[in-house]
Amino acid sequence: MGLELKIVSPAKVEYQGMVEKVIVPGISGQFEILQDHAPIISSLSNGEVVYQDSDGEHVLNVIRGFVEVRKNNVDICVEV
């Protein structure tokens, strides 16, 4: 597992842990985040955040939010 993922909503921390990949619904389309991804900040639109950890693939439906990727840390702030 190569990415430290943290997903927060206004109500709670939805997920925090190590993952292999994350797929997010960017404003310009869906994109995948893998280990050593370039730094990026992007708005998110209505859709699914999909992440894969040691337990398998998980899906979180989101309304909107943003993602920041830096040095194998992925921080996602969303409304669910």
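The nearest pair of heavy atoms linking Val8 to Val13 is CG1-CG2, 3.9 Å. Pairing each heavy atom of Gly26 with each of Phe31, the nearest pair is CA-CE2, 4.0 Å. When every heavy atom of Glu48 is checked against every heavy atom of Asn61, the shortest pair comes out as CG-OD1, 3.2 Å.
When side chains are defined from C-beta on, Val24 counts as touching Ile76, because their heavy atoms get closer than 4.5 Å. Contact check for Val50 versus Glu57: side-chain heavy atoms found under the 4.5 Å cut-off. Residues Val74 and Tyr51 are not in side-chain contact: their nearest non-hydrogen atoms beyond the backbone lie 4.5 Å or more apart. Within the 4.5 Å cutoff, the side chain of Val19 has no heavy atoms near those of the Gln52 side chain. Side-chain contact between Ile23 and Val49 is absent, with no heavy-atom pair separated by less than 4.5 Å. Counting only heavy atoms from C-beta outward, the side chains of Glu4 and Gln16 approach each other to under 4.5 Å. Side chains of Lys21 and Ile33 form no contact here, defined as non-hydrogen atoms less than 4.5 Å apart. By the 4.5 Å heavy-atom criterion applied to side chains, Val69 and Pro39 are not counted as neighbours.
Between the OG atom in Ser45 and the CD1 atom in Ile63 there is a gap of 12.0 Å [rounded to 0.5 Å].
With Ile7 as the fixed residue, the side chain to side chain contact (heavy atoms under 4.5 Å, CB included) test singles out one of Glu14, His58, Lys12: Glu14.
Partners of Lys71 under the side chain to side chain contact (heavy atoms under 4.5 Å, CB included) rule, at least two apart in sequence or in another chain, do not exist in this structure. Contacts of Arg70 classified as side chain to side chain contact (heavy atoms under 4.5 Å, CB included), with partners at least two apart in sequence or in another chain: Glu68, Asn73, Asp75.
Residue Ile27 shares its hydrophobic cluster (ILVMFWY side chains chained together at separations under 4.5 Å) with no other residue.
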